[in-house]
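Note sheet for the following structure.
All chains are named by letter (A, B, ...) in the order of the sequence lines, taking the proteins before the strands, and each is independently numbered beginning at 1. These figures come from a predicted structure and were not determined experimentally.
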Protein chains: 2
Amino acid sequence: MLKLSKKSEYALMAVKYIALQQDKTCVTAREIAKNYNLPYELVSKVLQQLTRYNVVLSIQGAKGGYRLGKGTSDISLIDIISAVEPRHQITNCMMEGSSVKDCDHYDCCMIRDPLIKIQNKIDNLLKNITVTEII
Amino acid sequence: MLKLSKKSEYALMAVKYIALQQDKTCVTAREIAKNYNLPYELVSKVLQQLTRYNVVLSIQGAKGGYRLGKGTSDISLIDIISAVEPRHQITNCMMEGSSVKDCDHYDCCMIRDPLIKIQNKIDNLLKNITVTEII
DNA sequence: TCAAATAAGACTTTATTAGTCGGGTATAAA
DNA sequence: TTTATACCCGACTAATAAAGTCTTATTTGA
């Protein structure tokens, strides 16, 4: 269905929000959730995943929160989406080390090559849009 | 997750299969299902949807089956995918006539415009690949 | 020490996708 | 005119994935 998950949407919103508040030392998950009326737990979870991939960095404890891990022009949309959606591939068979076990038609599949090309094009598309462009 | 549905995969496989058998007057759903070991009912359903959108045309009755509705260079991947997956948009809010009811953050959404641009780029990508290119 | 914040994972609910089934219609050929 | 083969269509079920909730632990500034 080529549909973006809520996680990805929330991640994009969160990163954009943080990017727009760069004057502050950091921004809390609660603030983002409140501002956009999103479930706090999910926003929180998404930010934790973004932290693991260094898209944002976290400051723990009271007065803690999140700030960007790099400059806005160094964060591409693929960084954000793949952080929260590690298996964002359009089909199972194009994941790292995929094989017959991921697909009943691995051997006879006639559409894998074209799909891999499409996957690469979509990835490039998302790679070429940075946070700078969306703020 | 930007993942393609099985329906779309089967549709692509079916169309490619038919395109490769153009010497035959038509190809049955059963033949396609057997050849790729796909569930017949699903292949059948997918072909019916492709028929509605004139991607293929159906010949009813005994000795019936399917053949392409247009030339291979006139069928793009977006034709095939949108036939079986009418709501293939990356988010709900970019469907024809979408409004506040489709999204809790329609009014305050800060990422809609960039996402619409991405949607358009993906659509163009799929529009520019025809069946000719994948056979 | 306390309050506010992140971290992490288990769990539940809901939505979507995938697959199945049954009955209907069309048509070539015996 | 009967039969076999094939498309047509919608309802249903099962499986999977996404979305959301809850609980507990850890960090740290005041």
Side-chain angles (χ1 to χ4, degrees), chain A residues 1-11 13-14 18 24-34 36-53 56-67 69 81 84-92 102-105, chain B residues 1-11 13-14 18 24-34 36-53 56-67 69 81 84-92 102-105:
Chain A
M1 216 201 199
L2 290 178
K3 197 173 159 196
L4 216 58
S5 66
K6 293 280 172 202
K7 264 183 164 179
S8 296
E9 286 182 31
Y10 298 168
M13 292 172 89
I18 297 169
K24 295 193 186 175
T25 47
C26 64
V27 179
T28 69
R30 189 149 265 129
E31 180 181 340
I32 297 172
K34 222 170 225 171
Y36 295 118
N37 206 35
L38 306 175
Y40 161 71
E41 292 92 342
L42 267 189
V43 172
S44 190
K45 192 180 286 185
V46 154
L47 284 164
Q48 283 165 35
Q49 286 179 268
L50 290 170
T51 304
R52 283 185 217 167
Y53 286 83
V56 299
L57 57 84
S58 69
I59 297 142
Q60 294 214 337
K63 301 268 169 181
Y66 298 90
R67 72 169 77 136
I81 292 171
V84 297
E85 210 76 71
R87 301 160 30 113
H88 75 288
Q89 257 64 12
I90 60 174
T91 68
N92 292 332
D102 302 310
C103 177
D104 296 339
H105 332 100
Chain B
M1 216 200 197
L2 291 179
K3 197 175 159 194
L4 218 56
S5 66
K6 292 279 172 203
K7 264 183 163 179
S8 297
E9 286 182 30
Y10 297 168
M13 292 171 88
I18 297 169
K24 295 194 188 175
T25 48
C26 64
V27 179
T28 69
R30 188 149 265 128
E31 179 182 341
I32 297 172
K34 223 170 225 170
Y36 295 119
N37 207 36
L38 306 176
Y40 160 71
E41 292 93 342
L42 267 190
V43 172
S44 190
K45 191 181 287 184
V46 155
L47 285 164
Q48 284 164 36
Q49 284 178 270
L50 291 171
T51 304
R52 284 183 215 169
Y53 286 83
V56 300
L57 57 83
S58 68
I59 297 142
Q60 295 215 339
K63 301 266 170 186
Y66 298 91
R67 72 170 77 135
I81 292 171
V84 296
E85 209 76 72
R87 304 161 27 113
H88 75 287
Q89 258 62 12
I90 60 173
T91 69
N92 292 332
D102 302 310
C103 176
D104 296 339
H105 332 100

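Taking atom NZ of residue A:Lys24 and atom P of nucleotide C:dA5, one finds them 11 Å apart after rounding to whole Å. The CG-P distance, from A:Leu57 to C:dA7, rounds to 10 Å in whole Å. We find that CD of B:Glu9 is positioned 15 Å from C1' of C:dG19, with the value rounded to whole Å. Atom NZ of A:Lys7 and atom P of D:dT21 are 15 Å apart (whole Å). One interatomic measurement links the two molecules: CG of B:Leu50 to P of D:dC8, which rounds to 11 Å at whole-angstrom precision. One can place NZ of B:Lys3 at 11 Å from P of C:dT17, the figure rounded to the nearest angstrom. Here D:dG20 presents its P atom at 7 Å from NZ of A:Lys6, a figure rounded to the nearest Å. The distance between atom NZ of A:Lys63 and atom P of D:dA30, rounded to the nearest whole Å, is 6 Å.
Ion pairing of A:Glu31 with A:Lys24 is present here, as a side-chain N (NZ or NE/NH1/NH2) and a carboxylate O approach within less than 4.0 Å.
End-to-end axis angle of the helix from C:dT1-D:dA30 to C:dA30-D:dT1, from C1' rotation axes over five pairs per end: 10° (rounded to 10 degrees).
Residue A:Ala62 places its side chain closer to C:dA3 than to any other of D:dT5, C:dA3, D:dC8. Distances were taken from every side-chain heavy atom of B:Arg52 (C-beta onward) to each of D:dT5, D:dG10, D:dC8; the shortest belongs to D:dG10.
Using a 4.5 Å heavy-atom threshold, the side chains of A:Glu85 and A:Gln49 count as separate. With contacts defined as side-chain heavy-atom distances shorter than 4.5 Å, the pair A:Leu42/A:Leu38 does not qualify. Side-chain contact check for A:Tyr66 versus A:Cys26: every heavy-atom pair is 4.5 Å or farther apart. Taking 4.5 Å as the limit, some side-chain heavy atom of A:Arg67 sits within range of a side-chain heavy atom of A:Ile59. The side-chain heavy atoms of B:Val27 and B:Ile32, taken from C-beta on, include a pair separated by under 4.5 Å. Contact check for A:Ser5 versus A:Tyr10: no side-chain heavy atoms found under the 4.5 Å cut-off.
One finds a side-chain N or O of A:Ser58 lying less than 4.0 angstrom from the OP1 or OP2 phosphate oxygen of C:dA7. At D:dC7, none of the side-chain N or O atoms of B:Arg30 fall inside 4.0 Å of OP1 or OP2 (strictly under the cut-off). Under 4.0 angstrom from either OP1 or OP2 of D:dC8 there lies at least one side-chain N or O belonging to B:Tyr66. Within the 4.0 Å cut-off from OP1 or OP2 of D:dC8, at least one side-chain nitrogen or oxygen of B:Gln60 is found.
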I'd like a list of close polar pairs between nucleotides 20-24 of chain C and the protein, N/O only, cut-off under 3.5 Å.
residue: C:dT20; atom: O4; partner: B:Lys45; partner atom: NZ; Å: 2.8

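When the side-chain contact (heavy atoms from CB on, under 4.5 Å) test is applied to B:Arg52, no partner is found at least two apart in sequence or on another chain.
When all heavy atoms of B:Ser8 and B:Ile81 are compared, the closest pair comes out as OG-CG2, 3.9 Å.
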